[in-house]
Each structure stands twice: as C-alpha cells, then as structure tokens.
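Following: one structure in structure tokens, then a few remarks.
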Amino acid sequence: MDYPRGLAGVVVDQTKISSTAGAHLTYAGYPIEELSEASFEEVVFLLWNTRLPNEQELYDFRADLVSKMVLPAETIRLLLYIAKEPQHPMSILRTTTSLLGTTNDVEHDEPPKILAKMLTAIAAILRIRDNEPLIAVDPNLNVVENFLYMIKGKRPDRKLTKMFSSVMILQADHEFNASTFTARVVASTFADYYSCLTAAVSALKGPLHGGANERVFEMIEEIEKEQIDPKDFVELQLKKKRKIMGFGHRIYKNGDPRAFILEEIAAELAPETGNKQYLKIQQALAKYMLERFGLHPNVDYYTALIYHCLGLDKSVFTMIFATCRTAGWLAHIMEQRRENCLIRPNSEYVGPTNQHYLRKESEEDYK
Ligand SMILES: CC(C)(COP(=O)(O)OP(=O)(O)OC[C@H]1O[C@@H](n2cnc3c(N)ncnc32)[C@H](O)[C@@H]1OP(=O)(O)O)[C@@H](O)C(=O)NCCC(=O)NCCS
C-alpha cells in the first residue's frame with residue numbers, strides 16, 4: 001500500500017474559496033481571525049465571489065437573502081409532519097434538504113434562495129420539535145438576526161447577534177473537509193444543488209465530522225454529573241479504546257485556529273449564562289489532552305458549549321453546524337460546476353482473484 005489512506009495530505013483539486021495552508025485558515029485570502037469581525041452576509045458574498053462586496057452590493061445581497069427566507073406552503077405542511085418524528089434532528093434535516101429540492105418551483109433555484117430556504121427550514125425544524133409556532137421572517141433584520149429570531153421567537157440583541165455571526169463565519173467553510181468534498185463529488189456528476197447538499201448533510205452527521213459537537217457536550221455533562229476528574233475520564237475512555245470527542249484534526253496538528261476564537265466566545269458566554277462549571281471542565285480537559293497526548297481542541301469542542309449557552313438542546317448542535325456550513329457547501333458546488341472534472345478515483349483491489357462461477361444445471365441444484 002503506497003498511497004495515503006483517507007486521502008490524507010492528497011491535493012485533489014484547486015480552489016479559490018478557502019485555504020488551510022500553513023495551518024492558517026483564510027477565505028479568499030482573508031485571515032479568519034479578521035473575518036470573524038465581519039458580517040455573515042459579507043463573508044457569504046466573499047465565499048461565493050472570492051471578493052468582498054461594496055456597500056451597495058452588500059445591501060442588495062442582504063435584502064435579497066432575507067426576502068428569500070420563506071418556505072413554500074407545501075414544504076411547511078410536510079415539515080410539520082416530519083419534524084415531529086423521534087429520529088435524530090440530523091436525519092430530519094437530511095430528509096428536509098432533499099424535500100426542499102422536490103417542490104414544484106425548484107428547478108431554477110439559485111444559491112441565495114437555497115441558502116435562505118435551508119436556514120429557514122432548520123429554524124422551522126427546531127420550532128416544530130419544541131412545539132412552538134413558526135416565526136415569519138422580519139425584513140428589517142439581517143440574516144443572522146432573522147435566524148436567531150426564528151429559532152428563539154425573540155429578536156436578538158446586538159451582542160448576541162455579533163457573537164453568533166462570528167460563530168457562523170468561523171464554521172462557514174473549510175476547504176475540502178469531508179462534507180464539502182462529498183458535495184463536490186456529487187456536483188462533479190452535474191447533479192442538482194439539493195442533491196449535493198443532501199449528501200453534504202449526510203457526511204456532516206457522522207461523529208468524526210460535524211456530529212462531534214453533540215458528543216462533546218454529552219461527555220462534559222457526564223463529567224459534571226458524575227463529578228469525575230477530567231484526567232480519570234480521559235484514561236477510562238482510552239482504556240475502552242474510545243476517542244475523546246472534540247480533539248485532534250487531520251490538518252491542524254498544533255491547534256485549530258477557529259478553536260482559539262471560539263474558546264474566547266465560550267469564556268464570555270458561559271459565566272453570563274450560568275455555565276461556568278462546564279467551561280472549567282472543558283479547560284481542564286483541554287490542558288490534560290495537550291500535556292498527555294499533544295492533542296488540541298478542534299472547532300467542535302467549544303461550539304458545543306456555546307450552543308448550550310444559547311439554550312439549545314445537544315441533539316440539534318450538528319444541525320446548527322449545518323446552518324453555518326451551507327454557505328461554504330454552496331460556494332464549492334458552484335466552483336465545482338464552473339471548473340468541472342468528474343471526481344472518480346481508483347482503488348486497489350485486494351479481494352480474491354481467479355474465482356469462477358459455475359452455472360447450475362437444474363432446479364435441484366438451487367435447493
Ligand atoms: C478528527 C480526526 C478524525 C482526525 O483523524 P486523523 O487525521 O485520521 O487522525 P487519526 O485518527 O489517525 O489520529 C492520529 C493519532 O492521534 C490519536 N487521536 C486523534 N484524535 C484523537 C482523539 N480525539 N482522542 C484520542 N486520540 C486521538 C489517534 O488515536 C491516532 O493515534 P495512533 O497514531 O496512536 O493510532 C480525529 O482526530 C478524531 O477522531 N477526533 C475525534 C472526533 C472529532 O472531534 N471530530 C471533529 C473533527 S473537526
């Protein structure tokens with residue numbers, strides 16, 4: 001075997017959207033640390049056009065997105081039924097994403113409408129599961145304010161909006177991560193946007209990718225509830241040959257640049273929302289993981305606490321990640337379509353050879 005498993009380190013194509021070169025995350029050349037201060041719409045525009053918008057373009061882009069944060073009546077009717085089911089919210093979202101692509105008017109849907117519908121659909125899933133009435137978009141609010149308004153039923157203040165915008169921006173894109181690559185594979189066959197997004201949501205669901213944030217919080221809750229020393233918890237998990245969720249990364253071996261900013265946000269939010277105890281556990285666990293294994297927290301580690309501080313149930317954490325990542329998925333689907341080459345790698349066959357199928361002679365031979 002002289003090839004890297006899991007495509008580790010393999011450059012499969014070029015992109016102008018984002019880069020992790022030198023373990024620095026940039027979107028179209030701009031460092032993520034600076035972009036986390038921008039507005040969400042500015043960053044979506046950047047990912048889709050590889051340049052920042054001017055003032056008028058930003059105004060128009062924002063107004064266009066907000067005006068499209070509406071779901072067709074038939075989607076709502078079906079969502080009211082599907083979202084109540086006991087399945088995991090990511091399974092509901094997977095079906096919903098596919099559903100968004102099957103209403104009558106979708107043939108000509110373009111990325112602004114698709115992104116707007118995805119955000120509204122995610123907010124609707126949350127509300128329906130909480131037995132709360134759906135909230136209509138407010139044209140006077142921006143995209144992030146509207147999303148928070150539609151999930152909480154209350155217009156968010158400036159501080160919350162700014163914090164959540166940063167969280168969304170930090171997770172908006174990450175070059176050829178598993179779900180984005182999945183979306184690009186599907187896009188490379190020239191399948192429609194919704195098919196690409198449904199596949200991306202499916203890949204994000206797994207615990208080695210977006211599904212890690214839910215497991216992080218499960219772990220922190222267990223440590224808190226059982227009053228276990230984080231060090232003992234780690235050792236016990238490793239004895240059971242289990243990974244510690246929220247640690248390690250395929251690319252960032254010396255720390256995930258997003259996690260540094262997310263830790264600051266979590267550190268601000270946790271005391272304000274009565275969740276200091278979880279932050280303390282997370283920081284102690286992170287210290288031990290670094291000392292003992294040289295492993296750093298990744299993007300999912302502190303977002304788990306941030307989402308908890310926002311009053312969200314852990315079962316919907318990965319769906320919130322999908323809210324943030326949809327903009328990036330769409331950027332990559334568009335780029336793949338523009339510069340397309342079918343993604344179809346080879347494999348090394350290691351199964352049996354020289355097998356022969358002998359045709360059965362009579363009915364009796366089948367018994
Ligand atoms: C993200 C992840 C899949 C990266 O995987 P990868 O690049 O294939 O790296 P590996 O899983 O091969 O890890 C390399 C080594 O570090 C160890 N390691 C990596 N992450 C670990 C973790 N979270 N807990 C314990 N050990 C870990 C592996 O066991 C492996 O050790 P070994 O060489 O002795 O076998 C991996 O770190 C992981 O599973 N993390 C937990 C899940 C998670 O948080 N996912 C979200 C990613 S953003």
Side-chain angles (χ1 to χ4, degrees), residues 1 3-12 18-21 23-25 32 88 90 167-183 200-223 228 230-263 265-266 278 281-308 314 317-325 328-329:
M1 194 171 69
Y3 48 84
R5 294 205 64 209
L7 295 177
V10 175
V11 174
V12 295
S18 61
S19 162
T20 55
H24 296 295
L25 176 58
I32 193 68
H88 191 277
M90 278 301 278
V167 171
M168 286 189 77
I169 290 165
L170 288 168
Q171 296 180 90
D173 195 42
H174 206 228
E175 48 115 338
F176 281 32
N177 63 86
S179 56
T180 301
F181 186 59
T182 304
V201 168
S202 306
L204 189 75
K205 185 175 189 273
L208 295 190
H209 190 15
N213 56 14
E214 179 181 346
R215 273 82 176 180
V216 167
F217 201 71
E218 242 166 47
M219 167 178 82
I220 304 302
E221 265 186 330
E222 188 183 332
I223 294 174
I228 316 168
K231 294 179 190 173
D232 296 338
F233 179 87
V234 169
E235 296 305 329
L236 195 68
Q237 295 305 304
L238 295 179
K239 247 191 221 148
K240 292 182 191 163
K241 305 231 175 297
R242 289 189 193 148
K243 280 185 170 173
I244 312 299
M245 295 318 239
F247 287 91
H249 199 277
R250 178 58 69 80
I251 291 173
Y252 305 122
K253 299 302 178 194
N254 294 312
D256 182 329
R258 300 163 298 178
F260 298 118
I261 309 172
L262 290 163
E263 182 182 1
I265 296 174
Y278 293 125
I281 291 171
Q282 283 202 308
Q283 289 177 329
L285 190 64
K287 188 166 176 281
Y288 185 63
M289 288 296 287
L290 187 60
E291 285 166 5
R292 171 87 160 79
F293 308 101
L295 285 170
H296 294 261
N298 57 45
V299 69
D300 292 308
Y301 193 61
Y302 289 109
T303 43
L305 179 54
I306 293 170
Y307 295 157
H308 174 75
K314 57 179 180 288
F317 285 4
T318 311
M319 203 165 64
I320 302 294
F321 191 167
T323 309
C324 313
R325 187 52 62 84
W329 288 332

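Just so you know, ligand 1 is whichever comes first in the structure, and atom 1 is the first atom listed for that ligand.
- Between His209 and Asp300, the closest heavy-atom pair is O-OD2, 3.4 Å.
- Protein residues are said to neighbour a ligand when one of their heavy atoms lies under 4.0 Å from it; for ligand 1 these are Pro207, Leu208, His209, Ala212, Lys243, Ile244, Met245, Gly246, Phe247, Gly248, His249, Arg250, Lys253, Leu295, Asn298, Asp300.
- For the side-chain hydrogen bond (donor to acceptor under 3.5 Å, both in side chains) test, residues two or more places apart in sequence or in another chain that qualify with Tyr252 are His174.
- Within the 4.5 Å cutoff, the side chain of Phe321 has no heavy atoms near those of the Met90 side chain.
- With sequence neighbours excluded, the residues that form a side-chain hydrogen bond (donor to acceptor under 3.5 Å, both in side chains) with Thr180 are Asn177.
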Atom pairs and distances, side-chain donor-acceptor, residues 239-248, under 3.5 Å, sequence neighbours left out:
{"from": "Arg242", "atom 1": "NH1", "to": "Gln237", "atom 2": "OE1", "distance (Å)": "3.4"}

task = Might you work through the side-chain contact (heavy atoms from CB on, under 4.5 Å) test for Arg292 and Glu235, ending with a clear yes or no?
result = CA-CA 10 Å; Arg292 171 87 160 79; Glu235 296 305 329; 2.7 Å; yes
